[in-house]
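All remarks here apply to the structure that follows.
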Amino acid sequence: MIELATVPALPGVYLFKDKKGRILYVGKAKILRNRLRSYFHGDLDPRKSKMVELVKDFSYIVTSNEFEALVLEANLIKQYKPPFNVLLRDDKSYPYLKITIAEQWPRIEVVRKPKKDGNLYFGPYVPAQSMWEALSFIRKNFPIRTCKYNLSKSIRPCVQYQMKRCPAPCAKLISREKYMKGIEEVILFLKGQKKQLLSMLYEKMQKLSDDLKFEEAAMVRDQIKRLEKIFTEQRVVLQTFENIDVIATYTENSKISVNILFVRNGLLVGSKDYIVKKAFYETKEELTISIIEAVYSKEALIPPPIIVLQSIPDNIDEIKQWLKDKRNDIVELRKPTTNEEKSLLNMALNNATIHLKSKSSSHETILNELKERLNLKDTPSRIGAFDVSTLFGTHSVGSFVYWEDGAFNKNLYRHLKIKETPGIDDYSSMREIVFRVITKFDTQEGVPKPELILIDGGRGHLNTALKVVKELKAEMNVFAIAKEPDRLVFSDGRKISLDDKRPSSLLLRKIRDEAHRFAISYHKKLRKKASFESVLEKIAGVGKKRRLTLLKHFGSIARIKSATEDEIATLPGFNLKLAKKVIDELNKSS
């Protein structure tokens, strides 16, 4: 029973929960009582109604002010990943180039999580290919160290010095003043300040020539030519050379497409697309704030000084303060102010539109076809598949694969050893793995369960899985795919052929085949490991540590057999006597 009378008229955060107590939505409010009443009284639009009918309970946390509510809301969304909040599903972090100017002898490296540590960070680079190209160019054209050695003591220079890619500060072959000039050149290059960098290099070349150091002057001349070439290839989108992010959204049929353009020092260094489904929001302004929260909640993304948006929400003081704390400096939210910024915003909006339509036009057509063929209430967007693999009851394993929005999500794949079912019993094994996986989904906040389950097998396997789903009160559709010929088995015994070339048939077979491949690969891995260990375990004097040493060095039993006694005797823990024993025992077992 939803009881609103005791809710205080104070700022805070509220959490809507379903019948199992799982968090559906996290929101913030200036006045909690008023906001919560708006959900349960009066006319509701379809989006709000769809969410509210699932709400069976709620809780709230009172805060001192709206800013505290925003910070708490962002943290709770990050923790629980509620399905009706704006979630940008992306497990990848953004790469940055870091110059360690906090060290005496700075170097450049790739990092995924920038820190407030006094060093310089450049990025993000999305996709990462542009970053690797920039790093490769730097290492070939700016001689700075790549190692992480402690340079407090002089050591012998490595091959990088011989290749003229490092001035060897480790061997004290360069003064720090001269080395830091090289670091300054790298910084100017990454900032895109080509005039200042080329001017500095021309001056350096002239001085070397005046000092009759013609070979070094020629090297600087070649460096200038390579820099001029790469600068002409770079796409300058802002003549002001500012650091900005441009965020555009496009909505259609309750789906939101987000495109972000990353502009650093006037150069477009990358872009990122997201598709958001089911997200609940009151107004366009609330959606904009939710997207900003979702984008910059990632620890690996530092807000730039300027974020360009399609529209500026009212009451943005809290979100600006939140961004300022993330950046450790002021962040301006604004609509485009120049023709260049307008062009960038149009580019981002066009990308968002194209991305949503391309996603919708491909796999969604197939899913709609699937909905009709299987007589489903809703179009499925998440499909899971199970398979069991065994060989005469040994090393029995199960697999689960997860398909979502047109692609396999390998982060949600699962290998499972059959623990409770001895011998050959496919039905009990299937029951075990289905129970374990679905139970796991129930306990994982923010990880949506598949709406459609495929079982590799026939009617018996299907009935087993259906009993588990019923026992767990899981709301999902379950079907089996039988082989020879491929056919989909319904719970009532009906069958439809999957041997045609209809897109929905090909999709179901593709997902089934992936579950089978994943199970077989795990089964083979366990059998291979067991065969290695079982033969070597019989040799007296060869314990676990020595077995691992042999397998790591030779890779297979066959290679150990073909090795000489001297080769084995040189390994840690072995001698000639034990080596001879290993070879003799392995030959006996073959």
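In this structure, a donor-acceptor pair under 3.5 Å is absent between the side chains of E68 and T63. Checked by atom type, the side-chain pair N368/T379 shows a donor-acceptor distance below 3.5 Å.
S381 is listed as a side-chain neighbour of E451, based on a closest heavy-atom distance under 4.5 Å. Here the side chains of K19 and K473 are not in contact, with every heavy-atom distance at 4.5 Å or above.
Between the R487 side chain and the P485 main chain, a donor and an acceptor come within less than 3.5 Å of each other. Under a 3.5 Å cut-off, the side chain of H415 and the backbone N or O of F518 do form a donor-acceptor pair. Put simply, the side chain of H461 gets close to the backbone of G458: a donor and an acceptor are under 3.5 Å apart. In this structure a side-chain-to-backbone donor-acceptor pair under 3.5 Å is missing from R546 to F574.
Test D456, D387, D486 against R512 for side-chain hydrogen bond (donor to acceptor under 3.5 Å, both in side chains) and you get one pass: D486. Of the residues listed (F408, Y413, F386), the one engaging F400 in a ring-ring contact (aromatic ring centres under 6.0 Å, His included) is F386, and it is the only one. Partner of S504 under the side-chain contact (heavy atoms from CB on, under 4.5 Å) criterion, chosen from K371, E369, E372: E369.
Aromatic rings from Y39 and F16 are positioned such that their centres are separated by under 6.0 Å. A ring-centre distance under 6.0 Å is found for F479 and F490.
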